[in-house]
> 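Please see the structure below; I have some questions.
Side-chain atoms are counted along with the backbone in the values below, which use heavy atoms only and exclude waters and symmetry mates.
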Amino acid sequence: TVSLGVLAQTAGELLALQSQFAQLALLDGEEQLRLLDRFGGPELLSCRQKLADALHRVIEAERGLRALTAEEKELQERFSNAERVREVLKTTEAGESPESLELQLNSLESRLRGLQDLKDRRRRLNDGEGGGLQADLAEVLGGIELLSGEDRENLLEAREQVAGGLDRLCRLLDKAASAQAIADLEEETERLESRLGRLRKAFRLSGLSSFDQLSDWLKEADRASQWLAGLSDQRTKLAAGRAEGTKELSDAVACLRQKRRDAAGRLKTAASAHLSGMAMEGCGFDVVLTKLDKVRANGAENVDFVLRRGS
């Protein structure tokens, strides 16, 4: 089976069906051009086919060049920050995520607040200026020496134990909440904040939200970079094909135009010879070719069949 369109096209070459208004088809420009080309013979039809093939190659080459340009622009925009992201990730540890770093940062900040709180509590024991819990205790127990007997000895012993315990507690607190310990923790916190900031920057630059996505994105960026590196060769090849097709197209346009001029002259002579036999002795027939600015698949000219009174 064949489609109706194919059947109609094929039958049109094999059959000529005459109806009351069939002659009106001669008024159609496309039909006039088809008739002229068929009258021109195989050489003219060959030129017409060469023109159509060359035009197709030029159009395909131009379409390919536009597609390359569009793809180049899309990839450059999509992966414009890829190198910056790589530089940022060089300073982060593999597998880190903003969530894990935030948990670590919260833990460090909590420890830092705890140390600072211990330091404040340490000042309550001894503020370094003769005040604090130690000074209060010394004042409270200051009159023990005035006592006598067993009570005095027991109180003195207890006072020494308390004072010794407070001294030891102060030393332990001084060690745990020392300026160096707090400085070290603050430095570690700053480093972690910096890593977290860089990691957030990497995700912001890429527009992604997870390491898996970022890893795939960077692999795509590598493939895009390789494709862009070979883009010049692809563009050169397509441009060469377009130039070759344009030259063939120009030659085919000139060939077809000349063949049509020759065919138009012969058709004019042949048609005019039949007019007298059709009781149209006073009429003249002409074939007018009009050059077009744009090349089409069927050529670069329009044709008009002109029938006029007088020779």
Side-chain angles (χ1 to χ4, degrees), residues 1-13 28-38 40-85 205-208 213 216-264 289-304:
T1 60
V2 297
S3 66
L4 183 60
V6 173
L7 182 61
Q9 183 178 5
T10 304
E13 301 292 328
D28 180 68
E30 291 294 326
E31 179 64 14
Q32 293 178 2
L33 189 63
R34 189 181 70 83
L35 291 173
L36 176 63
D37 289 349
R38 289 187 62 191
E43 290 187 2
L44 187 152
L45 293 175
S46 176
C47 285
R48 175 169 169 162
Q49 186 59 49
K50 289 179 180 178
L51 182 149
D53 293 342
L55 180 61
H56 177 73
R57 285 195 294 273
V58 170
I59 291 174
E60 287 300 306
E62 290 179 344
R63 183 179 291 124
L65 286 169
R66 288 195 299 271
L68 285 182
T69 299
E71 182 72 6
E72 177 186 28
K73 181 179 179 181
E74 193 275 332
L75 291 176
Q76 288 176 340
E77 290 178 353
R78 184 180 179 191
F79 300 110
S80 60
N81 293 319
E83 290 306 313
R84 294 175 63 189
V85 170
L205 289 173
S206 64
L208 303 172
Q213 292 176 338
D216 291 341
W217 184 79
L218 289 174
K219 290 177 182 178
E220 289 181 34
D222 287 337
R223 290 193 291 269
S225 179
Q226 294 175 2
W227 184 84
L228 289 171
L231 183 59
S232 178
D233 292 340
Q234 296 183 60
R235 186 172 278 129
T236 298
K237 183 177 180 180
L238 285 172
R242 180 180 62 181
E244 181 180 349
T246 300
K247 176 62 169 59
E248 294 177 358
L249 180 62
S250 178
D251 293 343
V253 166
C255 172
L256 181 59
R257 181 169 291 141
Q258 185 58 51
K259 294 293 184 183
R260 280 175 172 167
R261 286 172 179 167
D262 296 342
L289 291 174
T290 304
K291 183 178 178 180
L292 300 176
D293 294 332
K294 184 176 181 180
V295 180
R296 303 174 303 185
N298 60 1
E301 49 272 326
N302 280 333
V303 63
D304 291 293

> Taking atom CG of Leu218 and atom CZ of Arg223, what is their separation to the nearest 0.5 Å?
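The CZ atom of Arg223 is 11.0 Å from CG of Leu218, to the nearest 0.5 Å.
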> Please report the interatomic distance CD(Glu83) to CG(Asn81), rounded to the nearest 0.5 Å.
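Between Glu83 CD and Asn81 CG, I get 10.5 Å after rounding to 0.5 Å.
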> Look at Glu244 together with Lys247 and state whether they make a salt bridge at an N to O cut-off of under 4.0 Å.
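So Glu244 does not pair with Lys247 through a salt bridge.
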> Is it the case that the side chains of Asp222 and Gln226 hold a donor-acceptor pair, with the cut-off being a distance below 3.5 Å and no angle test?
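The criterion, which ignores hydrogens and geometry beyond distance, is not satisfied for Asp222 and Gln226.
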> With a 4.5 Å cut-off on side-chain heavy atoms, are Glu30 and Asn298 touching?
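The answer is yes; the side chains approach within 4.5 Å.
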> How long is the span from the CZ atom in Arg34 to the CG atom in Leu45, to the nearest 0.5 Å?
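One gets 10.5 Å once the value is rounded to the nearest 0.5 Å.
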> Within this structure, what is the CZ-OG distance for the pair Arg78 and Ser206, rounded to the nearest 0.5 Å?
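Here the rounded value is 11.0 Å.
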> Given side chains that start at C-beta, do those of Arg296 and Asn302 come closer than 4.5 Å, heavy atoms only?
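Side-chain contact under 4.5 Å: yes.
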> Side chains of Arg48 and Lys259: does their closest heavy-atom pair fall under 4.5 Å?
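In short, these two side chains do not touch, never coming nearer than 4.5 Å.
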> Given side chains that start at C-beta, do those of Glu60 and Arg63 come closer than 4.5 Å, heavy atoms only?
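A side-chain contact under 4.5 Å exists here.
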> Does CD in Glu43 sit with more than 12 non-hydrogen atoms of other residues, nucleotides or ligands closer than 6.0 Å?
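No, not enclosed.
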> Is the closest side-chain heavy-atom distance between Leu289 and Leu36 below 4.5 Å?
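When only atoms from C-beta onward are counted, Leu36 and Leu289 do touch, with a gap below 4.5 Å.
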> Would you indicate whether the side-chain heavy atoms of Arg242 and Leu65 approach each other to under 4.5 Å?
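They are in contact (side-chain heavy atoms under 4.5 Å apart), so the answer is yes.
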> Flag the pair Thr69 / Lys73 as yes when at least one side-chain heavy-atom distance between them is below 4.5 Å, and no otherwise.
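A side-chain contact is absent here, since even the closest heavy-atom pair is not under 4.5 Å.
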> Taking all non-hydrogen atoms of both residues, which atom of Trp227 and which atom of Glu71 are closest, and how far apart?
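Nearest pair, atom of Trp227 first, then Glu71: CH2-CG, 3.4 Å.
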> Supply the atom-to-atom distance Ser225 OG to Leu231 CG, rounded to the nearest 0.5 angstrom.
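Ser225 OG to Leu231 CG: 11.5 Å, rounded to 0.5 Å.
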> Consider salt bridge (charged side-chain N to carboxylate O under 4.0 Å, His left out). Of Arg260, Arg261, Lys294, which one does Glu301 pass it with?
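Per the salt bridge (charged side-chain N to carboxylate O under 4.0 Å, His left out) rule, the option paired with Glu301 is Arg260, out of Arg260, Arg261, Lys294.
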